[in-house]
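By convention in this document, chain letters (A, B, ...) are assigned in the order of the sequence lines, proteins followed by strands, and residues within each chain are numbered from 1. Owing to the predicted nature of the structure, the values given are computational and were not obtained by experimental measurement.
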There are 2 protein chains.
Amino acid sequence: MTADATRQHATAPGGIGNLGPGLDVLGCAVSGLRDEVTAQWFDAPRITLLDPGHPELPSTSSRHTAAIAAAAVLAHAKRRGVGLRAAGIALTVRKGLPLSGGQGGSAASAAAGASAANALLGAGLDASALLACCLDAEAKVSGRHLDNIASALLGGIVLVRSLDPIDVVRLPTPSGLQLVLAHPEQRLSTARSRRALPTTVARDVMTHQMAQVAAMVAACYGDDLPLFGRALDDRYAEPARAPLIPGFVEAKRAALEAGALGTSVSGAGPSSFAIVADVETARHVALAMQAAYDGLGIACSTRLATVDQDGTIVRAL
Amino acid sequence: MTADATRQHATAPGGIGNLGPGLDVLGCAVSGLRDEVTAQWFDAPRITLLDPGHPELPSTSSRHTAAIAAAAVLAHAKRRGVGLRAAGIALTVRKGLPLSGGQGGSAASAAAGASAANALLGAGLDASALLACCLDAEAKVSGRHLDNIASALLGGIVLVRSLDPIDVVRLPTPSGLQLVLAHPEQRLSTARSRRALPTTVARDVMTHQMAQVAAMVAACYGDDLPLFGRALDDRYAEPARAPLIPGFVEAKRAALEAGALGTSVSGAGPSSFAIVADVETARHVALAMQAAYDGLGIACSTRLATVDQDGTIVRAL
């Protein structure tokens with residue numbers, strides 16, 4: 001990563017936002033699919049989007065998360081008086097992650113866009129400043145939260161203590177943790193899934209959620225995967241969202257019967273995930289979730305993954 | 001600790017329940033004052049209270065937490081067919097902790113009572129079973145929660161994930177953590193303080209509380225005292241209880257100005273506590289809190305302490 005390179009390339013992983021009971025608070029980077037952004041000097045001012053990465057994504061830079069985040073990085077550099085080699089920066093996006101479905105694709109694009117632009121500008125921003133730039137982007141397309149952004153940027157399992165000021169903790173991953181992801185062929189807009197959440201909660205639900213999120217953090221540090229599974233017990237968002245995701249309840253039951261330690265909705269859905277202790281069981285769990293959806297006539301794909309530990313990776317081209 | 005001894009003596013520390021944002025979920029054992037219970041074989045059936053420890057405490061064994069917890073331990077032993085040396089057990093209680101005020105006195109008596117009886121009966125119960133016996137007692141006098149009980153029994157900072165089934169995690173203590181306790185001469189019943197808590201909360205408050213409690217846990221494992229202080233930010237119970245505790249707001253402000261990393265109500269109040277990074281600052285904070293109460297004409301005592309690491313200590317007499 002050097003300021004002299006004329007092109008910088010960044011890739012960022014998808015993730016599970018709202019991890020279990022951790023609405024807006026816990027996120028987890030997922031291995032495998034990645035979004036890629038290449039940043040290069042360009043003679044048009046500000047940020048130009050050479051390729052948005054997908055025909056359904058906005059080609060206007062003010063509406064694409066990679067470009068919004070890169071624009072925030074560029075504005076930062078200008079305020080600091082960093083000399084630019086051209087009027088602006090052009091981005092080329094390659095989407096490895098699906099556009100929707102609760103896999104953290106918009107956050108991955110933002111993390112890669114911000115990181116590629118930052119590298120081109122001499123890597124003047126630290127992780128906290130990059131998080132702030134990406135938060136701008138995520139706020140415009142999906143809501144003001146950092147769980148997906150922080151995991152895409154830092155990798156691992158992340159805890160978002162505060163947005164104002166930004167205060168994020170990267171947690172250790174319990175050994176052996178395997179993920180099973182199920183992606184039913186359903187569309188569920190983040191906005192609709194968000195509207196389903198009650199605006200108020202009973203005190204007992206709050207204390208339950210506090211205790212579970214805290215126990216997940218203890219499980220990460222204590223390397224206690226069974227505790228991680230027991231604490232993956234969401235009594236707030238999951239009950240509200242399950243009715244919007246036909247097949248989720250059946251797939252969850254099948255996953256637990258097949259040996260999963262815990263299951264919940266990924267992000268705002270309709271994807272779901274299961275936590276499993278070993279690869280062999282993970283295969284069984286994937287087949288069981290698949291069979292549950294099949295039995296209901298709902299097309300669904302599953303994949304095995306682990307917690308991505310790298311976060312965003314940048315290299316000069 | 002041997003089953004052959006004819007008298008067993010247990011001491012248990014007080015604690016800060018509802019630690020900061022962790023209503024019912026986080027507790028912390030406090031060094032210094034302890035409740036003591038001596039258990040001995042006795043010819044009357046069940047549990048006899050030879051001395052309740054204080055004239056204002058019930059002398060009836062069914063209403064004193066040490067005796068209720070010991071009775072649960074005795075019932076457990078009888079179910080397991082443990083042979084008794086006499087018809088029952090007699091308890092002598094010495095109160096080191098005040099009767100009320102949010103210092104975990106009822107939980108300390110329960111922990112000491114259960115542990116002394118358990119030792120007399122051959123120490124057949126593990127920590128989880130003892131927690132269950134003490135929970136019976138605490139539920140009768142102060143509410144069904146384990147934060148104070150678990151810290152009194154296990155020592156340290158504790159996280160209560162679940163009551164049914166009991167699932168408790170003992171957390172590491174961040175190095176250097178000093179406590180300042182302020183005890184204004186006010187009476188505030190736990191019941192009244194509990195009634196002040198709203199029965200429902202806004203979603204934003206819930207996510208804030210989840211994030212803070214989780215960050216406190218991360219701070220314990222990560223040995224990050226500043227994070228522990230930042231996360232000590234309760235937007236649920238403290239705002240509801242502060243109006244019932246004249247002087248709290250002023251003492252809190254004074255503590256923070258004197259260098260405390262965080263402050264909140266201890267248990268259900270009216271005691272409060274501050275988290276401080278070193279003894280020198282702790283002295284300043286104690287004086288500042290004292291001065292704030294003095295300025296309002298409210299009598300108040302303060303003391304310095306640390307997190308008790310021993311929990312309940314049992315020895316044969």
Considering all heavy atoms of both residues, which atom of B:Leu23 and which atom of A:Arg203 are nearest to each other, and what is their separation? CD2-CD, 4.0 Å
One option among A:Thr199, A:Val205, A:Asp24 has the most heavy-atom pairs under 4.5 Å with chain B, and it is A:Thr199
Taken to the nearest 0.5 Å, the spacing of B:Gln209 CD from A:Gln209 CD works out to 13.0 Å
Residue B:Asp167 versus chain A: region with a heavy atom under 4.5 Å: side chain
Name the region of A:Asp204, side chain, backbone, both or neither, that has any atom closer than 4.5 Å to a heavy atom of chain B. neither
For the candidates B:Pro172, B:Gly22, B:Ala211, which exhibits the highest count of non-hydrogen atom pairs separated by less than 4.5 Å from chain A? B:Ala211
Counting heavy-atom pairs under 4.5 Å to chain A, which of B:Ala218, B:Ala215, B:Ala202 comes out on top? B:Ala218
A:Leu197 versus chain B, heavy atoms under 4.5 Å apart: side chain, backbone, both or neither? both
By a 4.5 Å heavy-atom criterion (distance strictly below it), what part of B:Pro198 contacts chain A: side chain, backbone, both, or neither? backbone
Donor-acceptor pairs under 3.5 Å, side chain of residues 251-258 of chain A to any protein atom, not counting sequence neighbours: which ones?
{"from": "A:Lys252", "atom 1": "NZ", "to": "A:Glu238", "atom 2": "OE1", "distance (Å)": "3.3"}
{"from": "A:Lys252", "atom 1": "NZ", "to": "A:Glu238", "atom 2": "OE2", "distance (Å)": "2.7"}
{"from": "A:Lys252", "atom 1": "NZ", "to": "A:Thr263", "atom 2": "O", "distance (Å)": "3.2"}

With a 4.5 angstrom heavy-atom cut-off, could you sort out which part of A:Val217 is near chain B: side chain, backbone, both or neither? both
Where does A:Pro21 contact chain B at under 4.5 Å (heavy atoms): side chain, backbone, both or neither? backbone
Checked B:Leu26, B:Leu163, B:Leu171, B:Val213 vs chain A; the most non-hydrogen pairs under 4.5 Å come from B:Val213
Heavy atoms only, distances under 4.5 angstrom: which of A:Cys220, A:Ser162, A:Ala214 has the most pairs with chain B? Name it, please. A:Ala214
Exceeds 12 heavy-atom contacts within 6.0 angstrom, atom CZ of B:Arg192: no
Can you say whether A:Val160 sits under 4.5 Å from chain B via the side chain, the backbone, both, or neither, judging by heavy atoms? backbone
With side chains defined as the heavy atoms from C-beta onward, is the minimum distance between B:Leu227 and A:Arg161 less than 4.5 Å? yes
Which value, rounded to the nearest 0.5 Å, describes the distance between A:Met210 atom CE and B:Leu159 atom CG? 9.5 Å
I want to check something: taking the side chain as every heavy atom from C-beta on, are B:Val201 and A:Thr200 in contact at a cut-off of under 4.5 Å? no
